[in-house]
Amino acid sequence: MRHFLTTRDLTAAQFEALLNRGEEFRQGADSDALSGTHVGLVFFNPSLRTRVSMEVAVSRLGGTPVTLSVGSDAWAMEYRDGVVMDGPAAEHAREGAGVLGRYCDMLGVRSFPEGKDYEVDRREPVLNAFARYSGVPVINLESPLDHPCQAMADALTIREQLGKTTGRRVLLTWAYHPKALPMAVPNSFLLGAARLGVDLVLARPEGYELDVDVVRAAERLAAESGGALTVTDERDAVYEGVEVVYAKSWGALADYGEPEAEFTRRAKLRDWRVTEARMARGRNAIFMHCLPVRRNVVVDDAVLDGRRSVVLDEAENRMYAQQAILEWLASENR
Ligand code: CP
């Protein structure tokens, strides 16, 4: 069975075909690929864009979305095997996913990391439990390591904005945020942008390294696409000559599971913010962020509201990218 858990599973040709199809959907292409089917959308965590763009994408393909918020309008769910379930969870993923797979033809799952033990989180236990026990194709709607739907929309947006991407300079910069956020978006952005043949720069403070396997995979993909990935802890000079600025905050891997140490580390990093002065060092750079974003914390109003901000186009592209992913998954599993 074919799932969509990470863009890492895609060949270069499949990635390219999905982007091309996403562009066709943006230009108004029609498809009834999900006619007569139901797609369950299971959220263990909050969402605005993912939830609504998936519901609309499923409907546009002729399918019916069924959305559940686990722990509020659906039972809290356990995923670990062998545990004594005397806590808040009333249901195990073995049954929960299995039952949903009997009702639905495809499932989307959002499950953030617990943030206690990186070795546990990086195994993506909830997402993998759904892939194992549901018996139907599963789409990752953001897991501890990956947000592949966001990655496809981001790549679509860069192509939409720049046209030919080979050799263009793209910056992914860490940004301050009051909370330690998951790493799924920066990981996914690296893995997606690395396929575009761009000169990709990852700028993050010391301690905020991304998963070494993800960085190695991005380096390999960048080399294969004719681009390159550079990693630096430089905050300002990295804006020089860039054409895309992608800002995102994430928690320090060095302090994973130690919130007080992480808080102390990030408290000194408030000036990692996207400002007009920094953007001005770029080459008419566009500003991207997956949203939601904290104004004047991650990015200044002047940048976010400026003419080079493409955050709404980026969010809109979620719909088209997901139409392409859903259509492809339906055909692969027919
Ligand atoms: N970018 C994104 O995934 O947004 P939501 O968390 O609102 O779904």
Side-chain angles (χ1 to χ4, degrees), residues 4-7 18 22 26 39-60 65-74 107-115 121 124 126-127 130 138-158 160-161 172-175 177-193 210 214 244-251 274 286-295 297-299 304 309-326:
F4 186 78
L5 306 182
T6 168
T7 58
L18 282 175
R26 187 172 59 225
V39 178
L41 303 171
V42 185
F43 287 87
F44 286 78
N45 310 95
S47 167
L48 185 153
R49 279 142 292 270
T50 305
R51 176 177 174 151
V52 177
S53 63
M54 278 300 285
E55 289 184 355
V56 173
V58 170
S59 299
R60 284 185 170 191
V66 182
T67 303
L68 286 180
S69 297
V70 176
S72 55
D73 59 28
L107 292 173
V109 179
R110 163 167 288 195
S111 170
F112 289 174
E114 281 190 346
D121 285 339
E124 313 209 284
V126 175
L127 180 71
F130 271 75
V138 170
I139 299 175
N140 184 356
L141 303 181
E142 189 172 343
S143 61
L145 281 187
D146 233 306
H147 196 352
C149 294
Q150 183 69 53
M152 297 306 298
D154 291 340
L156 200 54
T157 306
I158 292 175
E160 178 187 10
Q161 295 293 328
L172 166 60
T173 178
W174 186 86
H177 186 285
K179 294 198 316 205
L181 299 180
M183 298 162 200
V185 169
N187 286 345
S188 303
F189 181 77
L190 272 194
L191 293 166
L210 291 175
V214 172
V244 176
V245 173
Y246 195 103
K248 187 71 186 82
S249 193
W250 61 89
V274 181
I286 57 168
F287 175 76
M288 296 178 68
H289 190 284
C290 64
L291 304 181
V293 68
R294 292 193 182 226
R295 285 174 172 263
V297 174
V298 169
V299 54
L304 194 57
S309 171
V310 298
V311 295
L312 297 187
D313 298 305
E314 184 183 352
E316 181 181 342
N317 280 335
R318 290 289 303 273
M319 240 169 8
Y320 310 130
Q322 288 155 195
Q323 280 181 267
I325 293 161
L326 287 158

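Just follow the structure's listing: the first ligand is 1, and inside any ligand the first atom is 1.
- Contact of the Val52 side chain with the Arg318 side chain is not registered, since no non-hydrogen atoms from C-beta on lie closer than 4.5 Å.
- Annotation: atom 4 (O) of ligand 1 to nearest protein heavy atom, Arg49 NE, 2.9 Å.
- Between Glu55 and Thr67, the side chains place a donor N or O and an acceptor N or O closer than 3.5 Å (distance only, hydrogens not considered).
- For ligand 1 and Cys290, the ligand atoms under 4.0 Å from any heavy atom of the residue are 1 (N).
- A donor-acceptor pair under 3.5 Å is formed between the side chain of Ser249 and the backbone N or O of Ala175.
- Taking every heavy atom of His147 and a limit of under 4.0 angstrom, the matching atoms of ligand 1 come to 2 (C), 3 (O).
- With a 4.0 Å heavy-atom cut-off, ligand 1 is reached by no atom of Val185.
- Between Leu48 and ligand 1, at least one N/O pair is under 3.5 Å apart.
- Checked by distance only, ligand 1 and Arg51 stay at 3.5 Å or farther apart across all their nitrogen or oxygen atoms.
- Distance alone, capped at 3.5 Å, places no donor-acceptor pair between the Asn187 side chain and the Asp146 backbone.
- Of the residues listed (Glu314, Arg49, Gln322, Glu142), the one engaging Gln150 in a side-chain contact (heavy atoms from CB on, under 4.5 Å) is Glu314, and it is the only one.
- Near Arg318, the atoms of ligand 1 lying under 4.0 angstrom from a non-hydrogen atom of the residue are 1 (N), 2 (C), 3 (O).
- Which parts of ligand 1 touch Leu291 is read off a 4.0 Å heavy-atom cut-off, strictly below it: atoms 1 (N), 2 (C), 4 (O).
- Minimum interatomic distance between Lys248 and Leu181 (heavy atoms only, all atoms of both residues): NZ-CD1, 3.5 Å.
- Protein heavy atom nearest atom 6 (O) of ligand 1, with residue, atom name and distance: Arg110 NH1, 2.9 Å.
- Taking any N or O of Glu142, backbone or side chain, none lies under 3.5 Å from an N or O belonging to ligand 1.
- Residues Phe189 and Ile158 are in side-chain contact: their nearest non-hydrogen atoms beyond the backbone lie under 4.5 Å apart.
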